[in-house]
Amino acid sequence: MASLLRETSCGSLLQKLQLVWDEVGESEEDRDKVLFQLDQECLDVYKRKVDQATKSRDLLLQALDYSKTELARLASALGEKSIEISPEKTARTIKEQLTAIAPTLEQLGKKKKERIKELANIQSRIEQIRGEIAGTLEMGQQVALPQINEDDLTVQKLREFQLQLQELEKEKSRRLEKVLEHVGTVHDLCNVLGMDFFRTITQVHSSLDDSIVNEHKNISNDTLSKLDRTIATLNEDKRLRLEKLQELATQLYDLWDLMDTPVEERSLFDHVSCNRTATVEEVTAPGALAVDVIDQAQTEVERLDQLKYSKMKEIAFKKQAILEDIYASTHVVLDTAVAHEKIQALIESGNMEPSELIADMDSQILKAKEEALSRKDILDKVERWISSCEEESWLEDYSRDDNRYNSGRGAHLNLKRAEKARILVSKIPALVETLVAKTRAWEENHGLPFMYDGVSLLAMLDEYVILRQEREEEKKRMREQKRQTEQLLNIDREGPFGTRVNPYKVTSAKKVAGTKPNGGASNGTPGRRLSTGNQLNESKSGRSAGKDDKKGASKNTATSLNEAAAEKEAADSSAENFDADPVPGST
């Protein structure tokens, strides 16, 4: 090729042209014209080539400037401060500079695309979550690609969007957790109230059903607001239903107590009565406040309410019997016939509600129990007094028994009993004194006389004290009479020839020392001898015989105690005579 080029160079061609011209015989002028034309054509070719080269250079410079500008813009947009933007410091030609810039430019271009894609994904996610929170987008619905600002693709901007996305994801997670919590609350409330959970929750939003995965549940402000309102409504329904159920349960208890309903029948409504004192938060059993449960309780209350009128008489008289038993145990006399007539009249007239009547009787029973409690201490001492009087009466009979010291069966037991009886009898005055003091204190406290089986206890005690004093005086008189009798006997024994005895006076003395057949003393003491034991038996038999005879029994009790005191006087005088020395018979 080189030899061919050499052969076809401009000089060789010009020589050939000269030879041709010589052969042709061209003039110098024509030759100059042709040469001038050739020079012009060569200049034109060179000029075109120069122009092309210049244009090519200008394009390369333009490309270099663009590359530098793009490199600077990308570096600025991406925040890349460490990239060399002026490679001409190391490269001489334009192409070398372009070659030096190209890899960096390509690298930044790829990085820009990746950054734009990353920012687009983050911003799309941000817009989607914002739409879900605002309620403009459903869960899982895709949003349009956002417009990315390509002038700011820095890592700092990316981190800002990432932080914003993290906060929104936290908010979404918090809202989803709140939604699920509210859904659970609605489920529990519907369970307690016996309501259709699916229907209730789907009325708030269709995505809240259990069949929808959590990621697709609606978390908008509107949904949360509706859930709050639904829960508030259900809680209010729960409160109202619980109040109604507790009211019905209270009525059931009152009616059960009123009619003494057996435990087996009450147990059928344990699911109602178990919530009688429960708070709203404590009621969690499924169906505990369902409408059918409340209707069932309402029906039972209405049934028992109708039934109570037919059983009212039986219940009222049963309460009256309890009241009478309380008063009978405390020795308080009631006019039972009048009380029964009053109850009968109230029930038949219908002027008083059965519940009010029973409540009034319960109040009377409570008052009677309080009164019985206040009388207990005094009544215990009265029982001790009566028991001591019984032992005193037994001791009198025992003292009159001439065979009491015989070594028969049970004699040693009687001796022990007699010893204990003497101790009890010796304590009677102090016991009576204590009883009087306590009875007076009780009467001052209550402003009422203390009645014992219809008789004033103070009157009984005063009469007993008076009779005891009379007995002491009678004992003194008997001792004086005995002393005078003994003096007369001693005078009769003495004579001119020694001591002698007048059989008639001995007989007279024996008559003085003895007792009359009617139980009275020979000195004329009133013969009202009834043992205290008989008095207690009469009191008990009076209570067991019927509450209508309480007044009679009360009077018998008082009379018996008084008679026991009189008998004691006669017994003491007899005991003194038994202790006297035997009088020998006259010859």
Side-chain angles (χ1 to χ4, degrees), residues 178-212 214 217-218 222-312 314-315 350 353-359 362:
K178 190 173 182 180
V179 165
L180 294 176
E181 181 183 351
H182 282 1
V183 170
T185 302
V186 172
H187 181 274
D188 293 341
L189 289 171
C190 289
N191 198 21
V192 172
L193 297 172
M195 298 175 63
D196 186 355
F197 167 71
F198 177 79
R199 180 172 175 271
T200 303
I201 204 64
T202 52
Q203 284 178 348
V204 177
H205 198 275
S206 58
S207 66
L208 300 181
D209 181 29
D210 289 340
S211 61
I212 307 297
N214 293 341
K217 292 189 183 299
N218 190 281
D222 184 58
T223 298
L224 286 172
S225 178
K226 286 182 178 179
L227 281 172
D228 287 335
R229 290 196 298 270
T230 301
I231 290 173
T233 302
L234 291 175
N235 276 325
E236 181 64 15
D237 288 346
K238 182 179 180 182
R239 184 185 66 81
L240 293 175
R241 289 192 188 187
L242 181 60
E243 288 179 358
K244 178 65 176 177
L245 192 69
Q246 288 178 339
E247 180 184 349
L248 292 172
T250 302
Q251 292 177 11
L252 280 175
Y253 264 89
D254 293 340
L255 290 168
W256 286 339
D257 293 340
L258 189 66
M259 295 185 287
D260 292 333
T261 304
V263 177
E264 294 77 12
E265 188 174 340
R266 298 187 184 197
S267 63
L268 298 176
F269 290 88
D270 284 345
H271 58 290
V272 175
S273 58
C274 66
N275 294 320
R276 188 163 64 102
T277 58
T279 62
V280 176
E281 293 76 15
E282 291 173 345
V283 181
T284 57
L289 300 178
V291 175
D292 56 346
V293 173
I294 297 176
D295 291 343
Q296 182 186 12
Q298 180 71 43
T299 303
E300 181 65 11
V301 168
E302 292 173 357
R303 185 186 71 84
L304 293 176
D305 198 47
Q306 294 176 357
L307 187 62
K308 73 179 179 182
Y309 286 97
S310 61
K311 289 192 174 182
M312 190 49 54
E314 176 187 348
I315 296 168
E353 283 292 324
S355 56
E356 294 179 4
L357 175 61
I358 299 305
D362 287 337

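- Closest of all the heavy-atom pairs between Asn218 and Leu208 is O-CD2, 4.0 Å.
- With 3.5 Å as the limit, one finds no donor-acceptor pair spanning the side chains of Arg303 and Thr299.
- Scored by the side chain to side chain contact (heavy atoms under 4.5 Å, CB included) test, Asp292 finds Ala290 as partners (sequence neighbours excluded).
- Side-chain N or O atoms of Glu282 include one that pairs as donor or acceptor with a backbone N or O of Thr279 at under 3.5 Å.
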query: Taking it one step at a time, do Thr223 and Leu227 satisfy side-chain contact (heavy atoms from CB on, under 4.5 Å)?
result: CA-CA 6 Å; Thr223 298; Leu227 281 172; 4.2 Å; yes

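- Of all heavy-atom pairs spanning Met195 and Leu234, the tightest one is SD-CD2, 3.7 Å.
- Once rounded to the nearest 0.5 Å, the distance linking CZ of Arg241 with CD1 of Ile294 reads 5.5 Å.
- The CH2 atom of Trp256 lies 7.5 Å from the CD atom of Glu300; values are rounded to the nearest 0.5 Å.
- Under the 4.0 Å criterion applied to side-chain N and carboxylate O atoms, Asp257 and Arg266 are assigned as salt-bridge partners.
- With 3.5 Å as the limit, one finds a donor-acceptor pair spanning the side chains of Gln298 and Glu302.
- Between Asp196 and Thr200, the shortest heavy-atom distance links the atoms O-OG1, 2.8 Å.
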- request: List the steps and the verdict of side-chain contact (heavy atoms from CB on, under 4.5 Å) for Asp305 and Gln251.
  value: CA-CA 9 Å; Asp305 198 47; Gln251 292 177 11; over 6 Å; no

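- Contact between Asn275 and Ala288 at its shortest, heavy atoms only, is ND2-CB, 4.0 Å.
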task: Begin from the C-alpha positions of Glu236 and Arg239 and carry the test salt bridge (Lys or Arg N to Asp or Glu O under 4.0 Å) through to its verdict.
output: CA-CA 5 Å; Glu236 181 64 15; Arg239 184 185 66 81; 2.4 Å; yes

message: Working note: Leu193 + Val291, criterion side-chain contact (heavy atoms from CB on, under 4.5 Å); need CA distance, chi angles, decisive distance, verdict.
response: CA-CA 7 Å; Leu193 297 172; Val291 175; over 6 Å; no

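- Residue Leu242 comes nearest to Val283 through the heavy atom pair CD1-CG2, 3.7 Å, listed as atom of the first residue, atom of the second, then distance.
- Under the 4.5 Å side-chain criterion, counting only non-hydrogen atoms from C-beta, Thr261 is not in contact with Leu255.
- Judged purely by atom type and a 3.5 angstrom limit, Lys238 has no side-chain atom pairing as donor or acceptor with the backbone of Leu189.
- Heavy atoms only, all atoms of each residue included: Leu245 and Ala297 are closest at CD1-CB, 4.4 Å.
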task: Evaluate the criterion side chain to side chain donor-acceptor pair (under 3.5 Å) for residue pair Thr233 and Arg229; output intermediate values, then yes/no.
output: CA-CA 6 Å; Thr233 302; Arg229 290 196 298 270; over 6 Å; no

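- Taking the six-membered ring for Trp and thresholds of 30 and 60 degrees, Phe197 and His187 have ring planes more than 60 degrees apart, a perpendicular arrangement.
- To the nearest 0.5 Å, atom OG1 of residue Thr284 and atom CG of residue Asn191 are 9.5 Å apart.
- Here the straight-line distance linking atom OG of Ser207 with atom CD1 of Ile201 works out to 9.5 Å at 0.5 Å rounding.
- Atom CG of residue Leu252 and atom CD of residue Gln246 lie 12.5 Å apart, to the nearest 0.5 angstrom.
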